[in-house]
Amino acid sequence: MPLDPPRVRIPRRGGRGIDLEAAGRAVETVQAALEFFVVGPPIVHRGPAGDVHVDVPLMYHDFALDRVHFDPVLRCPSPKGRPGRAWGVEVSVDEVRGIMERVLNEVRVVDAAEFREPEDAWVVPLAWRHIIIAHIRVSSDGEELIPDYGLTEEVRRHVF
Amino acid sequence: MFLAREKLFSILLFLYIGLLVVDPDLFHRTLGYLNVNALSTILALMLVSHSLEFSGFFNRLTLWVLNVSKGSTVKLYLLVIFCSALISAIIMNDTALFIFVPFVVSLSGYLGDVGYLLVLTTISANIGSSLTPIGNPQNIIIWQHYGLSFIDFIYSMLPFFLIAIIVLTIYSVIGARKLKSAITYRKTRIPRVRIDKALLFTSIILLVLNVLLAQMGWQVYGLIITISLYLVIRRTVVYGLDYVLILIFAFMFVDFKEISHIVDGRGLIPSLDFPLTIVLLSSLLSQVISNVPATITLIEHVALAHWKALAVGVNLGGVGLLTGSMANIITLRIGGINVKVFHKYSLPYFTVLFCITVLLTLGRIYS
């Protein structure tokens, strides 16, 4: 019979501990939420040098959780940390949305989480094929999703 | 870049420049056309609505809707419609749509095509917002312009709200039954979004405070208190607001008051002494230029005795064509449905409600 994983409390600054089992709950929370994720309106940024980069928000109900960088040349998501920039490319927002909706069906939740102390939150990666395309933040108890409020504001502004 | 990005603002700015060419005296009247009290209330309530939504509280409500409907398509449709109508009466229709449109889209995995439900949700937010003075910008303008009591406003708009919601209920049930898709309800855990309690309680207090101060004619103080408190509690709320939207409202006031002035000077506005004329003109004008500009254009020509006809007309005019209300754009952009689908479902509802409203106006219900 497999043993239950030990409940480890690691002392942190300020005397609070961290519940490592919460990492598993955080992953489960994102897995349960994944079927309700939808693709938000793509945001096309145009730089002063004529460069274009496209971000696609991942929405959970009324909140944006994270942005996926979209490569306008390869017409697929870019890995997290490498926003795809392009010059002289026409971007069709409808096409980007269509591609991202298909991509979202192939996205899987990585079965591990990292803890970000300043945010007091777990971060669960979303993978498409072999690349991480988004990070979903979950509360330190692993139960509640934490939106990206700044991105949610950006989506609102973009709508008008 | 800025003008290319902010299309609505650019249109209003160029309209202002065009009006300056037609009437150079407009420059001296510009500040006088700004309704500072109404703008203060709109800005304060935008901040409060926005914060209430960002607190995450309404996310729990959408999860409750999904749980309570327990697999029934009709029940789900009705719960979404009633909840979005009631919420938009409290926190402005566009904010209510920012909550419900993504929620409905997220149900597409269960429901298949959600175009019909998206349009019903948009209609219900527009109709629900007609009930209170704080439900939408045109109601705030009417409430402030005529110095109406908050309670009297609700009492007067109740018949229109009830009739519109009854018609919408019948329309929804007929449509929902026709749909073959049924929710394959699975008792799965639907994760919650974190609630920001400090933001929630501060926003509830500020909502009540702003209504009270606006009623006493101290709208600017309400705005100052709102901004100050959010700067202390959660400054990102103040930084994150779309201030271009305020410029849009400011230019709407100036441009459409000037248009009203020009049109009036040439005797082109018919006599607005009869409620039926007001309802017809305001609802049809809203269809063409949107309901906030229609309110600003007509409000100076409608006497206090007929404010209800104006309120009914511009709120009715918010449904129907996409141009009727700015809130409709949210459904199009966030919901990702096309204009044809929007009009396929919204125009029949508008036509029925328009006919009923005309009959009830003739029967002096909205006089």
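Throughout, a chain's letter reflects where its sequence line sits, starting with A, and its residues are numbered from 1. Scope of the values below: all heavy atoms of this structure, side chains included, with no hydrogens, waters or symmetry mates. Given the structure is predicted, the values throughout are model-derived calculations rather than measurements.
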Practice problem: Check the pair A:Glu153 / B:His50 against side chain to side chain donor-acceptor pair (under 3.5 Å), numbers first and verdict last. | Solution: CA-CA 10 Å; A:Glu153 302 269 14; B:His50 182 74; 3.0 Å; yes
Exercise. Measure distances from A:Tyr149 to the heavy atoms of chain B and classify the residue's part below 4.5 Å as side chain, backbone, both or neither.
Key: both
Practice problem: With sequence neighbours excluded, tell me which residues meet ring pair (Phe, Tyr, Trp, His ring centres under 6.0 Å) with A:His45. | Solution: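 A:His45 satisfies ring pair (Phe, Tyr, Trp, His ring centres under 6.0 Å) with A:His53 once adjacent residues are dropped.
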Practice problem: Applying ring pair (Phe, Tyr, Trp, His ring centres under 6.0 Å), name anything that partners B:Phe342, two or more places apart in sequence or on another chain. | Solution: none
Self-check item: chain A contact via B:Thr62 - which portion, at a heavy-atom distance below 4.5 Å
Solution: side chain
Exercise. Select one option (side chain, backbone, both, neither) describing which atoms of B:Leu63 are under 4.5 Å from chain A's heavy atoms.
Key: side chain
Quiz item: Should A:Arg25 and A:Glu143 count as an ion pair when the cut-off is N to O under 4.0 Å?
Solution: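 Salt bridge: yes.
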